[in-house]
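Before any comments, here is the structure.
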Amino acid sequence: MSVLDRIERLQNAMEQQNIDCYIIPTDDYHHSEYVGDYFKFREYMTGFSGSTGTAVFTREKAGLWTDGRYFIQAEAQLKGSGITLYKSGEPEVPTIEEFLKKELEEGAVLGFDGRTVSYAQGEKYRQIAEGEGASIEFRLDLAPDTWTGRPEMSTEPAFLLEDEYSGENIESKLKRIREKMKENGCNAHILSSLDDIAWLFNIRGNDIAYCPLVLSYAIVYNNSVELFANSQKFSEEIVNLFAENQIQIYPYEDIYRVVSEMTSEDKVLLDSKIMNYRLYQAISKDTVIVDKQNPEILMKSVKNETQAENLRKAHLKDAVAHTKFMYWLKKNIGRVEITELSASARLEGLRAEQEHFLGPSFGPISAYGEHGAIVHYSADEKSNVPLKEGKLFMTDTGGHYLEGSTDITRTVALGEVGNIEKEHFTLVARAMLRLANTVFLYGCSGANLDCIAREVFWKEGLNFNHGTGHGVGYLLNIHEGPINFRWKEGERPAPALEENMVITDEPGIYIEGSHGIRLENELLVRKTVKNEYGQFMNFEILTYVPIDLDAILPEKMNTEEKEMLNHYHKQVYEKVSPYLSEEERIWLKEYTRAVK
């Protein structure tokens with residue numbers, strides 16, 4: 001069935017349900033970073049496969065809103081669908097809210113599945129609708145009426161993350177959470193975010209694409225816990241451990257009934273920004289609500305020393321795999337056929353050879369030439385192209401290991417590339433190195449430091465339409481709040497960078513129709529000197545893979561930047577070379593040589 005046919009079917013269902021406008025976001029019921037196949041209704045309806053976007057349908061129109069990472073991809077995938085692309089944040093492009101105000105008339109009904117919309121966003125929709133004399137219907141899921149062959153909800157088993165990897169047991173974490181509940185005068189804490197639940201109970205699973213999470217909700221009380229999930233997912237070992245910590249398992253959908261039965265005796269801590277609208281609305285109106293950021297968010301962002309040491313091990317494994325991949329690519333380009341997809345498969349295969357590898361940590365980006373300009377390009381059988389000499393090739397990939405998660409981007413020159421590509425590559429390398437080597441006073445957030453990377457671009461009249469870095473979860477979401485490198489603050493300003501937080505450093509440049517370049521390392525926040533001026537902080541680099549010297553123009557770097565590059569490459573060789581073959585070591589020695 002074509003996208004046009006699907007839209008017609010949806011609009012017929014809207015007419016039958018008396019819905020004038022219907023919203024389909026990307027989210028599942030938990031505001032997850034990625035979603036399982038069961039929840040990909042927006043992708044089914046539009047054909048757009050990016051990880052961010054919202055589709056809006058009226059009886060006559062269809063539109064998709066997405067951000068700068070996906071403009072090129074969305075234009076290609078929406079072609080011929082009849083769906084209008086709205087480039088979020090661009091001048092004179094209406095927001096979804098502005099579009100709704102124009103389209104909704106008095107007496108109209110705005111519909112959405114409230115389980116897939118956050119409470120905060122749902123309230124915006126309600127206010128817009130009421131402002132136009134319209135109303136909302138948030139209990140309406142049109143997927144069953146429209147989606148032929150919808151996949152089943154995941155039933156994959158969960159597994160326990162042992163203390164040697166988590167670094168803290170369930171009892172300790174619950175104690176910390178209950179202290180936060182007490183500080184806020186609360187006797188209950190509702191959780192619907194899957195990564196917070198997985199962190200709190202030291203469980204992982206396979207219900208979400210690329211994220212080892214378990215579909216679940218939870219309510220933490222002063223002396224007990226109710227976990228709402230498919231009980232068949234949990235082994236006897238996990239069930240017994242849960243019982244020791246007074247954790248009882250209930251059916252997944254029971255959460256809506258339980259919260260509706262709360263009373264005025266209940267004072268609940270919750271985070272409406274990551275709770276779905278329907279769940280929030282189901283909470284008994286007698287209940288007292290304290291709406292704050294989940295305390296788990298900051299707690300899991302600060303890794304403990306066990307996790308920090310494990311992450312060093314995970315990144316070393318990843319560095320070995322990626323360096324072997326880079327060697328293979330350099331030696332074989334132009335000699336054997338390599339495509340975007342086969343190169344990506346080769347890299348994943350090398351990761352799989354490493355002990356405790358569990359799978360990719362996000363959808364791999366394997367982008368040759370002009371595809372690199374598509375920030376979140378995803379190669380498929382239709383777009384897949386062979387790699388040839390004379391252009392740049394970018395991979396943005398990562399792996400989940402029991403010792404933690406990795407996220408690395410490398411752009412490499414395939415043979416000899418043009419001077420403009422080398423100039424841009426050198427600019428990106430300089431930006432990444434400058435940020436990684438900065439020293440700052442405690443209290444700085446990523447917003448304070450973002451310009452250290454961007455300055456080299458701004459001086460050239462250039463920029464890139466994505467954050468310079470994001471927090472990274474420990475075998476959870478690869479993009480983890482609350483920290484980031486982003487000069488524009490969001491609704492919740494990022495907190496100060498704390499010791500043992502993990503953040504990426506990934507500036508880039510994207511020239512549509514020509515090339516894209518991004519280089520990405522992960523950084524571990526550490527303390528350094530403390531004196532009368534305060535506590536100084538710096539970054540420990542976790543990622544050790546060569547920066548391609550075939551694409552570097554040393555004459556475009558100052559002395560300090562060249563010293564940074566040489567020091568980094570010296571560490572790459574020292575850490576990685578013991579795990580390589582003799583031929584690979586010889587190659588690595590050459591590709592980590594000092595530039596002058």
Side-chain angles (χ1 to χ4, degrees), residues 28-33 36 154-181 186-208 211-255 258-259 268-271 274-275 279 293-304 306-307 310 358 400 402-405 473-477 480-481:
D28 60 11
Y29 305 157
H30 305 274
H31 215 64
S32 301
E33 177 183 2
S154 173
T155 57
E156 292 284 325
F159 66 92
L160 182 68
L161 194 65
E162 303 286 353
D163 292 354
E164 64 183 292
Y165 302 112
S166 68
E168 185 179 8
N169 61 33
I170 300 172
E171 181 182 6
S172 173
K173 291 180 178 180
L174 283 171
K175 182 179 179 181
R176 287 206 281 156
I177 293 301
R178 285 169 175 144
E179 287 171 357
K180 290 294 182 182
M181 290 165 56
C186 295
N187 58 10
H189 173 38
I190 300 176
L191 281 168
S192 60
S193 44
L194 302 185
D195 56 331
D196 291 335
I197 293 170
W199 175 84
L200 182 57
F201 303 124
N202 284 342
I203 54 172
R204 301 294 189 269
N206 194 30
D207 290 343
I208 302 296
C211 302
L213 305 175
V214 181
L215 288 171
S216 53
Y217 302 93
I219 305 177
V220 180
Y221 299 100
N222 289 336
N223 298 301
S224 64
V225 177
E226 295 175 348
L227 179 64
F228 301 87
N230 182 344
S231 61
Q232 295 180 350
K233 292 176 178 290
F234 303 104
S235 66
E236 184 178 354
E237 178 191 12
I238 295 176
V239 171
N240 290 338
L241 181 61
F242 282 175
E244 292 173 14
N245 288 278
Q246 290 75 52
I247 302 169
Q248 182 69 40
I249 303 171
Y250 294 90
Y252 178 62
E253 291 290 342
D254 275 12
I255 180 71
V258 171
V259 299
V268 177
L269 178 64
L270 58 79
D271 188 344
I274 50 176
M275 176 175 284
L279 180 58
Q293 179 175 281
N294 283 342
E296 291 85 356
I297 290 175
L298 187 57
M299 289 180 184
K300 72 177 186 292
S301 180
V302 180
K303 279 56 177 177
N304 55 54
T306 296
Q307 291 177 315
N310 282 337
L358 301 177
H400 286 306
L402 287 177
E403 292 85 2
S405 305
Y474 186 100
L475 202 53
L476 293 167
N477 291 340
E480 179 180 87

Measuring from atom CG of Leu174 to atom CD1 of Ile177, what distance do you get when rounded to the nearest 0.5 angstrom? 7.5 Å
Is it the case that the side chain of Glu168 and the backbone of Ser166 share a donor-acceptor pair, with hydrogens and angles ignored and the cut-off at 3.5 Å? no
Measure from the ring center of His189 to the ring center of Tyr221 and say whether it is less than 6.0 Å. no
I need the minimum non-hydrogen distance between Ile190 and Asn294, along with the two atoms involved. O-OD1, 4.4 Å
Result of checking Leu358, Leu402, Leu476 against Arg204 for side-chain contact (heavy atoms from CB on, under 4.5 Å): Leu476
Nearest-0.5 Å distance that lies between atom CD1 in Ile203 and atom OG in Ser216: 5.5 Å
Sub-4.5 Å side-chain heavy-atom contact between Trp199 and Asp195: no
Closest approach of Glu33 to Cys211 (non-hydrogen atoms, all atoms of both residues): OE1-SG, 4.3 Å
With rounding to the nearest 0.5 angstrom, report the CD1 to OG distance, Ile249 to Ser231. 6.5 Å
Can you confirm whether more than 12 heavy atoms, excluding those of Gln232, are under 6.0 Å from its CD atom? no
Does a sphere of radius 6.0 Å around CG in Asn223 hold more than 12 heavy atoms from other residues, nucleotides or ligands, not counting ones at 6.0 Å or beyond? no
Nearest heavy-atom pair of Leu269 and Pro295: which atoms, and what distance? CD2-CD, 4.0 Å
Does the side chain of Phe234 reach to within under 4.5 Å of the side chain of Phe159, using non-hydrogen atoms? no
Using a 3.5 Å distance criterion without hydrogens, assess whether the side chain of Asn477 forms a donor-acceptor pair with backbone atoms of Glu480. no
Check the orientation of Tyr217 and His30. Use parallel for under 30°, tilted for 30 to 60°, and perpendicular for over 60°. tilted
Strictly distance-based, threshold 3.5 Å: is any side-chain N or O of Ser154 a donor or acceptor partner for the main-chain N or O of Glu156? yes
Below 4.5 Å, heavy atoms only, C-beta onward: do Ser192 and Leu279 meet side chain to side chain? yes
Ile219 side, atom CD1; Gln248 side, atom CD - distance, nearest 0.5 Å: 13.0 Å
Just by modelled atom types, is the Tyr250 backbone N or O under 3.5 Å from a matching donor or acceptor in the Asp254 side chain? no
Go through the steps for Asp271 and Ile297 under the test side-chain contact (heavy atoms from CB on, under 4.5 Å), then give the verdict. CA-CA 10 Å; Asp271 188 344; Ile297 290 175; 3.8 Å; yes
Heavy-atom pair with the smallest gap, counting every atom of Leu215 and Ala229: O-CB, 3.6 Å
At what distance, to the nearest 0.5 angstrom, does CD of Glu296 lie from CG of Leu200? 5.5 Å
Check: Asn245 and Val225 side chains under 4.5 Å, non-hydrogen atoms: no
Go through the side-chain N and O atoms of Lys173 and Asn202 and say whether any donor and acceptor fall under 3.5 Å apart. yes
Any chance you could measure Glu171, atom CD, to Glu244, atom CD, to the nearest 0.5 Å? 9.5 Å
Considering all heavy atoms of both residues, which atom of Tyr165 and which atom of Tyr474 are nearest to each other, and what is their separation? O-OH, 3.1 Å
Could you walk me through whether Asn230 and Tyr252 pass the side-chain contact (heavy atoms from CB on, under 4.5 Å) check? CA-CA 6 Å; Asn230 182 344; Tyr252 178 62; 5.8 Å; no
Does the Asn310 side chain pair with the main chain of Glu164, one donor and one acceptor, at a distance under 3.5 Å? yes
Flag for Asn187-Asn222: side-chain donor and acceptor within less than 3.5 Å: no
Is Asp28 reaching over with its side chain to a backbone N or O of Ser32, donor-acceptor style, under 3.5 angstrom? yes
Determine the minimum heavy-atom distance between Val214 and Leu194, stating which atoms define it. O-CD2, 3.3 Å
With a 4.5 Å limit on heavy-atom distance, are the side chains of Leu475 and Leu161 in contact? yes
